[in-house]
Protein chains: 2
Amino acid sequence: MRWNKISDAVVRRLPLYLRVLDQAVRDGDKRLMSSQELGERAGVSPALVRKDLAWFGEFGKQGVGYEVAYLRDELLRILNLDKVVNLAIVGMGALGHALARYSMDRYQRDSYYQLRVAALFDADPEKIGEQVGNLVIQSVDRLEEVLERERIRMVVVAVPASAAQEIVDRCVRAGARAILNFAPVHVTAPEHVYLAHTDLSLELERLAYYLED
Amino acid sequence: MRWNKISDAVVRRLPLYLRVLDQAVRDGDKRLMSSQELGERAGVSPALVRKDLAWFGEFGKQGVGYEVAYLRDELLRILNLDKVVNLAIVGMGALGHALARYSMDRYQRDSYYQLRVAALFDADPEKIGEQVGNLVIQSVDRLEEVLERERIRMVVVAVPASAAQEIVDRCVRAGARAILNFAPVHVTAPEHVYLAHTDLSLELERLAYYLED
DNA sequence: TAGATTGTTAATCGATTAACAATC
DNA sequence: TAGATTGTTAATCGATTAACAATC
């Protein structure tokens, strides 16, 4: 089952719903939730919640709402998070470290969090061999080899701008299907690879716009 | 001069243009740039480049293009980055550290980068007193006092989800005008404060959607 | 002048909201 | 049954692209 043509804007909200539902399941305070309440907690209008979910199926009951545990499981399935997803982080600067720690901690703590950090890479000989959680930072020279051997198809790129495009190219050749680029540079990938960009420095800079004089 | 009503989507692209122009100024390879080339380097269509810039004035010359140094300076002014902007980071976990290091390094290195990290806060007694660059992590108890004294109006929130709303509220009361929240939770602020949210775990989770089965 | 490229208006595209029949 | 809430269609809103007259 593939739901192509689903817009980015929709996909972007699914993990938000997932989080609200998972929280509700944990708290165990309610078995059912309306689009009204789900929207409120996620910061999205109720109509949009219903429309987003309707792209993937009919998960609710009229007059009743959505069963939280069921909808959470469906969202996990839709997001491919119902089974372990291996993930590599390339570039173990401060940001790479932060992302690695966060994901590792969460993978251990939350049974539902199935994003597993499977490999860490850096180009700096000083960093290679360093232990982070239960992993050792490897030389980026072994990038292709390890991605292929471990069947890693999701990669976080946190290298300097000057190296980003080359790393992306190499990940693509090694079979990556989804790449999240944190380097402050516009990079490209072939159509069949999903490439997203999160640029923290751009976020900081745009924020300054809203400081009135 | 205030250009209210400029959409978020437009403001979000300005730092992108700024980066391309600044790079061109540094390289010194061209004095002029067309919307075509600026767009190509930024990953934006030429028409959109022209439209975005036109919200703020007439910066180009027909048949010629934009003067890179001039347009860069105008963008710096529009983004309020033509003078030092003080910034506080609350929550010095791995992500807070990464952001602090990044901004501090860049402030030292790039003469045009005027986002100055002016204060660091954490609630953990273990971390308070720790040196990061030329700053010492302070107790979050002193948040209001320091923000007011140092006239800090831009704040990065990198605390755990459970503390985020309280920290945002306190920043608002202490005069913050622009807040960037990294905590994985939906928080709110009054109308007069600009609040943005960057959620790295949501980014990672949505990425998994694009891994085909 | 001739060619190029802006600034701007109109057309298109896409995403969100409103509304409501279906139905639990 | 009566009340509530979904799933879905139509209306609205906003952002991007296309086109071109103005003009350097």
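Heavy-atom basis, side chains included; hydrogens, waters and symmetry copies ignored. Protein chains get the first letters and strands the later ones, always in sequence-line order, with residue 1 at the start of each.
- Across all strands shown, C:dA19 is found opposite D:dT8 as a Watson-Crick or G-U wobble partner, with both distances under 3.5 Å.
- As rounded to whole Å, 15 Å separates atom C1' of C:dT8 from atom CZ of B:Phe59.
- B:Arg31 has its side chain within reach of B:Glu67: a pair of non-hydrogen atoms, C-beta onward, lies under 4.5 Å apart.
- Base pairing of D:dC13: its partner is C:dG14, meeting the Watson-Crick or G-U wobble criterion (both donor-acceptor distances under 3.5 Å).
- In this structure the side chain of B:Leu81 reaches within 4.5 angstrom of the side chain of B:Leu18, judged on heavy atoms.
- The side chain of B:Ala54 lies closest to C:dT8 when the candidates are C:dA18, C:dT8, D:dT17.
- Nearer to the 5' terminus of DNA chain C, by closest-nucleotide assignment, is the contact made by B:Gly63 (compared with the other of A:Ala9 and B:Gly63).
- Nucleotide C:dC24 is matched to D:dG3 when pairs are restricted to Watson-Crick or G-U wobble geometry with both distances under 3.5 angstrom.
- A distance-only check finds no donor-acceptor pair linking the side chain of B:Asp122 to the backbone of B:Gly91 [under 3.5 Å].
- With salt bridges taken as basic N to acidic carboxylate O contacts below 4.0 Å, none links A:Asp82 and A:Arg77.
- Distance from the side chain of B:Gln62 is smallest to C:dT6 among C:dT23, C:dG7, C:dT6.
- Contact annotation: A:Arg13 side-chain N/O to C:dT16 OP1/OP2 distance is under 4.0 Å.
- Closest-nucleotide positions on DNA chain C for A:Asp52 and A:Val64 were compared, and the one nearer the 5' end corresponds to A:Asp52.
- Ranking C:dC24, D:dT6, C:dT17 by closeness to the A:Ser35 side chain, first place goes to D:dT6.
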